[in-house]
Amino acid sequence: MRSILLAGVSAVVLGLTAAGAVAQSPAPFNRIATFNVIDNLPAGADPAKSTAAEIITFTEDGKTLIYSDSPGHRIGFVDITDPNMPKAAGVVALEGEPTTTVVIGGKAYVGVNTSESKSNPSGHLAVVDIASRKVEDKIDLGGQPDAVTKSPDGSYLAIAMENERDEEINDGAIPQMPPGNLTYFEVKDGRVVDDSKKVVDLTGLAAVAPEDPEPEYVDINSRNEVVVTLQENNHIVIVDLPTGKVTNSFSAGTVDLDHIDTKKDKVIDLSGSMKDVPREPDTVQWIDDDRFVIANEGDWKGGTRGFSIFDKTGKLLFESGTAPEHMAVRLGHYPDKRNKKGIEMEGAEVATFGDDRLIFVASERGSIVFVYRDKGGAEVPEFLQVLPGGVGPEGLMAIPSRNLFVTASETDLREEGGIGALVTIYERQPGAKVAYPTIESANGPDGLPIWWSALSGFAADPSTPGKLYAVTDSAYAQGRILTVDASAMPARITAATIVTRDGKPAKGLDLEGIAARPEGGFWLVSEGNPEKKQDPTQNLLLQVGADGAIAQEIALPEAVAAQAIRYGFEGVTVTGSGADETVWMAVQREWKDDPKGFVKLIAYKPADKSWSYVRYPLDTPEKGWIGLSEITAYKDGLVVIERDNLIGPEAKVKKLSFVSLNGVTPVALGSEAKPPVLTKTEAKDLMPLLKAPNGYVLDKVESFAIDKDGNAFIVTDNDGVDGSSGETQFIAIGKMD
């Protein structure tokens, strides 16, 4: 079956792009807490080893979460008696990798994968007593379990026995034996009946590889009908549990995609298209007894970058098309470095909160969750909001009895200096404002979202209050200057200008700072990396016109440039005008000729092309390193961002400091004269502001600006959604004292 985008999609696109769409939500969700899985390790566990929170559920009283930690071969418990302050509540060790857990009464039933190889799959259903935190029983499943679910009336427990393919064999092509199946049990008196096990053969149904169904996900409606996704087979099966019979089976179909990015070239270019893309659904959730939603991840050849709604006869009722992907671009969450399959929708959840039937769908690669309201039947679902989802949200769980929604993100980035696996808790708050996003983009001249991410430097327009300019760094192949309306809520990127050299997008730039020139145009700084083995780069000061054309590229004196390390220019600002105009640049960390704990603030005078510098004293870190990330002229001196390179619970130093230039005479750069050391005063501790969104403390607060009216703003850098959650926090901090 090949589908076309339904007429209703345009309405969803309009809802996504309209600034008022989010504000109209009668009861939005906002993040209230984040739990770090590393805080729930058992005694003796190696804290350096990878952890995960892949799939999540909750106890029947709604006060304890249970997540799957596959690398640790355990399930973890989180006490959310007070959901604003989640607490570690212990783990249960398992004899294999947990996949999905469901709770029936006081027992947790955990699918456990014990396969010694993909060709010899094995697994069992572990029965865990929640009160004692002990495994009471193991029920052999005869293969590798994936998703596990229970029926609404508590009478059945069903398991997708995937027996997954080996992606290292023949590029992951199927068939690969042995085949998977649907296995289910009866539940009586709140307990799975071990010997009631039934197996439903799913072979011979799909057209792709009928002998190898590869079931991925299951859900049960109130009529005790199971819907099963066969992801690689791009197929959907309906099974009646009381009889064990397949009642329907149909292809998930294909989608034609226009205005998508199809190239891995460090540029988000929405001019591409793909035809006949298989949906290859992952998670499936019943919306009611007749309709269900599928998240179209794609794990082999497909993945339509969105989600779809079908009825159980196989009729397509709704297709999101590229609307979620365009929203990811608009919010700076588009994963260009991993865009082979776009934002890769994987998780889904459906639940009723009050009078609203809500659909949650999660982007694994974009690390966001989209929230829609079901309008019933074939009506187009109403977009409500987007939630920041941690890194790679996969497990989604709604707890309507407590007005809560929870995500589990399996990605652990601590080895690369990032955040570990997380459990994130959101609360539905009637009458509250939507807290995220804090910055988004408008449409460009082509009618598509202005793309952005990796905001690395900010500056204020000298004449218009609330108007700011930003630059993006080397996460992208193009240096770009963005115009930002900081008076909008959320702040709004209204224009983008490509930085050009000889009429073409300038290559080899890592823009880390921007300042508006008194005469018009901009000063930009590009951070160099002379330590690169191939194509080393130098720190550059760039004079750029309002049209983005580079007028001058000014390099440091050779003797000084020879002292640089990979941590170079991180901000630029201007003091004075005319013959007194001075361009100040902040160097992030100590160079070879700097004493430990002191970094350079470098001054350049365009009038006589002279270089000079002073030294700034850094705080001493307890762990990691501390450096500068921004510099901004203010009154008779400069404000800098001083921060450590730590993230989450380890972050300690993120602050604004002020240094006066009164009576300070910089010395010539490269001279033997001893430079003055500036006296710094803490202007503002940024840690409370970075903790306030109730996520983890973001590492890179890299931008600061003060607008024409004296209003100050800070912005974090999300590294271009590579090795991060993609979250950007644009925070107004009011007037400077």
Inset, instruction - Please step through side-chain contact (heavy atoms from CB on, under 4.5 Å) for the pair Ile55 and Glu394, ending with a clear verdict. - result: CA-CA 7 Å; Ile55 304 297; Glu394 182 166 347; 4.1 Å; yes

Between [X] (side chain only) and [Y] (backbone N and O only), is there a donor and an acceptor less than 3.5 Å apart?
X      : Y      : result
Thr34  : Asn694 : yes
Ser409 : Pro393 : no
Ser724 : Asn718 : yes
Lys600 : Met585 : no
Arg615 : Val677 : no
Asp707 : Gly710 : yes
Ser453 : Gly332 : yes
Glu570 : Glu527 : no
Glu344 : Glu297 : no
Trp584 : Thr632 : no

Nearest heavy-atom neighbours spanning [X] and [Y]:
X      : Y      : result
Ala475 : Ala454 : CB-CB, 3.8 Å
Ala108 : Ile66  : CB-CD1, 4.3 Å
Pro490 : Ile439 : CB-N, 3.7 Å
Gln429 : Asn30  : OE1-ND2, 3.0 Å
Tyr334 : Arg305 : OH-NH1, 3.4 Å
Leu41  : Asp46  : CD1-O, 4.4 Å

Rounded distance (nearest 0.5 Å) linking atom [atom1] of [X] with atom [atom2] of [Y]:
X      : Y      : atom1 : atom2 : result
Tyr616 : Leu638 : OH    : CG    : 10.5 Å
Trp452 : Arg480 : CH2   : CZ    : 11.0 Å
Thr407 : Glu349 : OG1   : CD    : 11.5 Å
Asp69  : Glu54  : CG    : CD    : 9.5 Å
Ile75  : Leu65  : CD1   : CG    : 12.5 Å
Ser703 : Ile731 : OG    : CD1   : 12.0 Å

Taking the side chain as C-beta and beyond, is there a heavy-atom pair between [X] and [Y] under 4.5 Å?
X      : Y      : value
Val371 : Tyr426 : no
Thr283 : Phe307 : no
Val715 : Leu468 : no
Val361 : Pro324 : no
Ile32  : Pro83  : yes
Met327 : Phe383 : yes
Ile425 : Phe35  : no
Val92  : Arg74  : no

Does the ring centre of [Y] sit less than 6.0 Å away from the ring centre of [X]?
X      : Y      : answer
Phe353 : Phe29  : yes
Phe713 : Phe458 : no
Tyr634 : Phe704 : no

Inset, instruction - Provide the full list of salt bridge (Lys or Arg N to Asp or Glu O under 4.0 Å) pairs with a residue in residues 29-43, sequence neighbours left out, each pair given once. - result: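 Residue pairs passing salt bridge (Lys or Arg N to Asp or Glu O under 4.0 Å), neighbours aside: Arg31-Glu727.
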
Inset, instruction - Mind jotting down which residue pairs meet the salt bridge (Lys or Arg N to Asp or Glu O under 4.0 Å) criterion with at least one end in residues 629-651? Sequence neighbours excluded, please. - result: Lys623-Glu650, Glu642-Lys680, Arg643-Asp699, Arg643-Glu702, Asp644-Lys654

Using a 6.0 Å cut-off, check whether atom [atom1] of [X] has over 12 heavy atoms from anything other than its own residue.
X      : atom1 : result
Lys596 : NZ    : no
Glu416 : CD    : yes
Lys433 : NZ    : no
Glu622 : CD    : no
Lys337 : NZ    : yes

Inset, instruction - Let me know which of Asp719, Thr716, Asp473 forms a side chain to side chain donor-acceptor pair (under 3.5 Å) with Lys700. - result: Asp719

Legend entry - CA sep, side-chain torsions, deciding dist, call: Phe370, Ser363, side-chain contact (heavy atoms from CB on, under 4.5 Å): CA-CA 8 Å; Phe370 302 86; Ser363 160; 4.3 Å; yes

Inset, instruction - Flag the pair Asp619 and Lys652 as a salt bridge only when some basic side-chain nitrogen lies within less than 4.0 angstrom of an acidic carboxylate oxygen. - result: no

Legend entry - Pairing of Arg492 and Asp485 as salt bridge, 4.0 angstrom limit: no

Legend entry - Tyr372 and Leu384: CA distance, side-chain angles, deciding distance, side-chain contact (heavy atoms from CB on, under 4.5 Å) verdict: CA-CA 5 Å; Tyr372 292 80; Leu384 297 178; 5.8 Å; no

Inset, instruction - Decide yes or no on side-chain contact (heavy atoms from CB on, under 4.5 Å) for Ser660 and Thr679, but give the supporting numbers first. - result: CA-CA 7 Å; Ser660 173; Thr679 300; over 6 Å; no

Inset, instruction - Could you note down all residue pairs passing ring pair (Phe, Tyr, Trp, His ring centres under 6.0 Å) where residues 38-62 supplies at least one of them, sequence neighbours left out? - result: none

Inset, instruction - Scan residues 59-84 for pairs that pass ring pair (Phe, Tyr, Trp, His ring centres under 6.0 Å), counting only residues two or more places apart or in two chains. - result: none

Inset, instruction - Would you check if there is a donor-acceptor pair between the side chains of Ser456 and Asp717 at a distance under 3.5 Å? - result: no

Legend entry - Test applied, side-chain contact (heavy atoms from CB on, under 4.5 Å); reference residue, Leu396; option that passes from Val369, Val406, Leu387: Val369

Legend entry - Partners passing side-chain contact (heavy atoms from CB on, under 4.5 Å) against Arg414 (at least two apart in sequence or in another chain):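 If we apply the side-chain contact (heavy atoms from CB on, under 4.5 Å) test to Arg414, skipping adjacent residues, the hits are Ile38, Thr51, Asp412.
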
Legend entry - Contact list for residues 56-66, test side chain to side chain donor-acceptor pair (under 3.5 Å), sequence neighbours left out: Thr59-Asp61

